[in-house]
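Along the sequence shown, the residues carry numbers beginning at 1. Side-chain atoms are counted along with the backbone in the values below, which use heavy atoms only and exclude waters and symmetry mates.
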Amino acid sequence: MKLVVFDLDGTLLNASSVVSAFTGETLALLRQSGIHYTVATGRTLQAALGPIRDHRFSQPHILKNGTIIWCPQRKNYSHSLLLTQQEVWHVMTAMTMQEITPFVFTLEADGKHSVYHGPLKTTQEGRLAQLLEDERQLPLEPLRAMSDTAHVINLSGMGPAASVQTLIDMIAEEEDLTAYTGRAIQDPNMRWLDIHHSGGSKGSALGILREDYDYQKIIVFGDGKNDLSMFEVADESYATENADPELKEKATGIIGHHDADGVAHFLRQRFELADSTS
């Protein structure tokens, strides 16, 4: 069996963070051809389901950069890598010293996610909080409301490049932690930061799916450095035109821009998908 795997932001989704009509029709053609597909994203379950809910993503979802795997048919998580309480407080302290507000993502008992955060210091952090609550459908709570026994998936934040780099350098010395960063959508002068368990990656999660479901061929699509690990383990890997240069160097090929249905156009050609209405 083949499995096609999509990163969401900057890859399958357009600039409005939605699946375009053309891409939605292409996913329907994939289903008709019996080709399995899923997502591998840094988003939580609620945030991922928003744009893909109507497109029958029935295979396990790789979420939070591979630290959790959601099985939609069983309605549960088959795999999760949590941070210890000591790791959480260690990272929060370091972020606070750099004057970056920590956003702590937790896995709740009902399988959904919540986000706890400290006092917002900048307009950009306020925009991030609004994005998480409005577009990503994540309930936000003050950090003081978080239980000491909370199941923490990751910590995120946003700040100036120098402050974020200081945190990345610190995380590089921690055996059980890893960090990703990139330019913030809310402000090109700021960078976002995501920290989670080093055992979790999109690549390691793909390995689990390959073994559990006996996929013979895995084809992946992405645009960012957090996609590198799955590019390394996939049989074929394709970077969008807007992708990070380092990812493009690792790719099997370069396809069209994410805001021009690059993935969908490639899929139609690659699998000879014919639209019966055209």
Exercise for the section: With side chain to side chain contact (heavy atoms under 4.5 Å, CB included) as the test, would you mind laying out the steps for Y180 and N65 before giving the verdict? Expected result: CA-CA 9 Å; Y180 293 111; N65 290 320; 3.7 Å; yes
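- With hydrogens and angles disregarded, a donor-acceptor distance shorter than 3.5 Å links the side chain of T166 to the backbone of A162.
- Closest approach of A239 and A243 over heavy atoms only: CB-CB, 3.8 Å.
- In the hydrophobic clustering of this structure, W89 groups with V152; members are Ile, Leu, Val, Met, Phe, Trp, Tyr whose side-chain heavy atoms approach within less than 4.5 Å, directly or through other members.
- In the model, E87 has no side-chain atom that pairs as donor or acceptor with a side-chain atom of H197 under 3.5 Å.
- Ring pair F6/Y37 is tilted by interplanar angle, where 30° to 60° counts as tilted.
- Across every non-hydrogen atom of S156 and D194, the tightest pair is OG-OD1, 2.9 Å.
- Looking only at side-chain heavy atoms (C-beta outward), D9 and S17 come within less than 4.5 Å of each other.
- A donor-acceptor contact closer than 3.5 angstrom is absent between the side chains of T26 and T23.
- At least one donor-acceptor pair closer than 3.5 Å links the side chain of E125 to the backbone N or O of K121.
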Problem - K64 vs R43, side chain to side chain contact (heavy atoms under 4.5 Å, CB included): CA-CA, chis, key distance, verdict - result: CA-CA 5 Å; K64 297 308 297 179; R43 292 188 178 212; 6.0 Å; no
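- Within the model, atoms NE2 of H196 and CG of D176 stand 13.0 Å from one another, a figure rounded to the nearest 0.5 Å.
- In this structure, I255 and H257 have side chains that are not in contact, with every pair of non-hydrogen atoms separated by 4.5 Å or more.
- S147 contributes a side-chain N or O that, together with a main-chain N or O of T149, makes up a donor-acceptor pair within less than 3.5 Å.
- Nearest heavy atoms, G118 versus L143: N-CB, 4.0 Å.
- Under a 3.5 Å cut-off, the side chain of E133 and the backbone N or O of L131 do not form any donor-acceptor pair.
- The local environment of CD in E99 is sparse, with at most 12 non-hydrogen atoms from other residues, nucleotides or ligands closer than 6.0 Å.
- S33 places no side-chain N or O within 3.5 Å of a backbone atom of I35 that could act as its donor or acceptor partner.
- Judged by distance alone, the side chain of T38 and the main-chain N or O of P60 form a donor-acceptor pair under 3.5 Å.
- Using a cutoff of 4.0 Å between basic side-chain nitrogens and carboxylate oxygens, K2 and D235 are not scored as salt-bridged.
- Using bins of under 30°, 30° to 60° and over 60° for the plane-to-plane angle, the ring pair Y77/H113 lands in the perpendicular bin.
- The two residues P102 and T96 have their closest heavy-atom pair at CD-OG1, 4.4 Å.
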Problem - Step-by-step side-chain hydrogen bond (donor to acceptor under 3.5 Å, both in side chains) determination, S78 to N76 - result: CA-CA 6 Å; S78 65; N76 65 15; over 6 Å; no
Exercise for the section: May I have the step-by-step check of side chain to side chain contact (heavy atoms under 4.5 Å, CB included) for I219 and V5, ending in yes or no? Expected result: CA-CA 6 Å; I219 303 170; V5 184; over 6 Å; no
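- Checked by atom type and distance alone, the side chain of T181 pairs as donor or acceptor with a backbone atom of W192 at under 3.5 Å.
- Here the closest heavy-atom approach between residue N14 and residue S20 is recorded as ND2-CB, 4.1 Å.
- Salt-bridge annotation for D227 and K250: absent, with no side-chain N of the basic residue lying under 4.0 Å from a carboxylate O of the acidic one.
- Using bins of under 30°, 30° to 60° and over 60° for the plane-to-plane angle, the ring pair H36/Y215 lands in the perpendicular bin.
- Results of the side chain to side chain contact (heavy atoms under 4.5 Å, CB included) test with H265 over V263, L267, D261 single out D261 as the only residue that passes.
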Exercise for the section: Please step through side-chain hydrogen bond (donor to acceptor under 3.5 Å, both in side chains) for the pair Q165 and S163, ending with a clear verdict. Expected result: CA-CA 5 Å; Q165 189 59 52; S163 298; over 6 Å; no
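- Ionic pairing of K248 and E241 is not present here: no N-O contact between side-chain nitrogen and carboxylate oxygen is shorter than 4.0 angstrom.
- The cluster map of Ile, Leu, Val, Met, Phe, Trp and Tyr, joined by side-chain heavy atoms under 4.5 Å apart, puts V88 and F105 in different clusters.
- In this structure, CE in M1 is found 10.0 Å from CD1 in I218, a value given to the nearest 0.5 Å.
- A side-chain donor-acceptor contact under 3.5 Å links D259 to the backbone of A15.
- Residues T44 and R136 fail the side-chain proximity criterion, which asks for heavy atoms closer than 4.5 Å.
- Scanning all heavy atoms of the two residues, the minimum distance from L120 to A129 falls at CD1-CB, 3.9 Å.
- The backbone N or O of A234 lies less than 3.5 Å from no partner atom in the side chain of S237, so there is not a single donor-acceptor pair.
- Residue R270 places its CZ atom among more than 12 non-hydrogen atoms of other residues, nucleotides or ligands, all under 6.0 Å distant.
- With Y116 as the aromatic partner, R144 does not meet the cation-pi criteria of under 6.0 angstrom to the ring centre and within 45 degrees of the ring axis.
- Taking 4.5 Å as the limit, every side-chain heavy atom of L63 sits out of range of all side-chain heavy atoms of I69.
- Note: the hydrophobic cluster containing M97 does not contain M170 (ILVMFWY, side chain heavy atoms under 4.5 Å, direct or indirect links).
- Judged by distance alone, the side chain of T101 and the main-chain N or O of P119 form a donor-acceptor pair under 3.5 Å.
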